[in-house]
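In listed order, ligands and their atoms are each counted from 1.
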Amino acid sequence: MGLEEYNTKRDFRKTREPEGKETPADEGMFVVQEHHASHLHYDFRLALDGVLKSWAVPKGVPEEPKVRRLAVQTEDHPPEYAAFEGSIPKGEYGAGEVRIWDRGTFDLKERGSDRLVFVLRGQRLNGAYALVRFKGKEKDSRNWLIMKL
Ligand code: MN
């Protein structure tokens, strides 16, 4: 995916979010950002391929096994975004407050185009998790489920 969509959506003269570059430096890091946008959601991000692979999880990443939550894949974010907290101004993409809800490291156990398995080691989230893409008509659907195993 890369960062083109991320950079296109934002006006960096107006938002304090980082205008980022791809860097493999933080491989193995994850972050969850609580984002009070028009609808509260939690942005779950995994550092992979020099970017933060990102999903918006409306109801939050489950802390207990057997709970499945919708995770809508969003544009890749730059690795520096993992440190971002603050206010995105009104009128800008994703306007609202962003707070770091959890962060830590992960070990990737399985990676396919429709399925990721990883072990999280954060302050709140710990253990094995899976992200599984919906099997729909759309081959590249952005809708996934996240669950603790
Ligand atoms: Mn968001």
Side-chain angles (χ1 to χ4, degrees), residues 1-64 67-106 108 111 113-134 136 138-148:
M1 202 182 281
L3 295 176
E4 192 182 331
E5 184 179 347
Y6 173 89
N7 285 325
T8 303
K9 282 181 168 172
R10 289 168 178 79
D11 183 344
F12 295 103
R13 293 166 300 182
K14 294 180 180 165
T15 182
R16 288 174 40 243
E17 295 166 288
E19 182 175 6
K21 293 186 174 64
E22 295 170 29
T23 158
D26 290 322
E27 209 83 342
M29 176 265 296
F30 86 91
V31 66
V32 182
Q33 283 152 319
E34 183 178 336
H35 187 181
H36 293 259
S38 50
H39 297 281
L40 169 66
H41 59 273
Y42 295 81
D43 289 299
F44 178 71
R45 311 187 198 279
L46 293 173
L48 283 169
D49 306 334
V51 295
L52 296 176
K53 296 289 175 190
S54 298
W55 290 262
V57 186
K59 293 186 174 174
V61 179
E63 294 176 74
E64 300 299 328
V67 180
R68 293 161 176 234
R69 296 269 167 80
L70 174 68
V72 181
Q73 192 170 10
T74 57
E75 74 275 19
D76 292 346
H77 279 53
E80 304 95 290
Y81 206 93
F84 179 75
E85 286 189 296
S87 195
I88 301 170
K90 268 186 188 164
E92 295 308 296
Y93 180 72
E97 294 293 321
V98 176
R99 283 198 291 268
I100 294 173
W101 184 85
D102 196 14
R103 67 180 296 178
T105 59
F106 72 94
L108 195 57
R111 187 179 189 188
S113 56
D114 298 330
R115 181 177 162 89
L116 292 167
V117 178
F118 43 87
V119 176
L120 299 179
R121 284 181 303 271
Q123 299 294 312
R124 300 189 195 225
L125 299 177
N126 273 287
Y129 279 79
L131 266 164
V132 180
R133 198 197 299 262
F134 275 18
E138 242 186 300
K139 189 169 172 283
D140 296 323
S141 166
R142 287 192 161 203
N143 293 334
W144 297 63
L145 290 173
I146 189 166
M147 66 204 82
K148 186 171 184 178

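Looking only at N/O/S atoms, His35 comes nearest to the Mn ion (ligand 1) through ND1. Nearest to the Mn ion (ligand 1), among the N, O or S atoms that Asp43 has, is OD2. Sorting the N, O or S atoms of His41 by how far they are from the Mn ion (ligand 1) puts NE2 first.
Residues meeting the side-chain hydrogen bond (donor to acceptor under 3.5 Å, both in side chains) test with Arg115, sequence neighbours left out: Glu110.
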Self-check item: Derivation of the salt bridge (Lys or Arg N to Asp or Glu O under 4.0 Å) call for Arg142 and Glu5
Solution: CA-CA 14 Å; Arg142 287 192 161 203; Glu5 184 179 347; 3.2 Å; yes
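Aromatic ring orientation, Phe118 versus Phe106: perpendicular (interplanar angle above 60°, classes split at 30° and 60°).
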Per-pair distances, 0.1 Å, donor-acceptor, side chain in residues 87-95, under 3.5 Å, sequence neighbours excluded:
| unit_1 | atom_1 | unit_2 | atom_2 | d |
| --- | --- | --- | --- | --- |
| Ser87 | OG | Glu97 | OE2 | 2.9 |
| Tyr93 | OH | Lys9 | NZ | 3.2 |

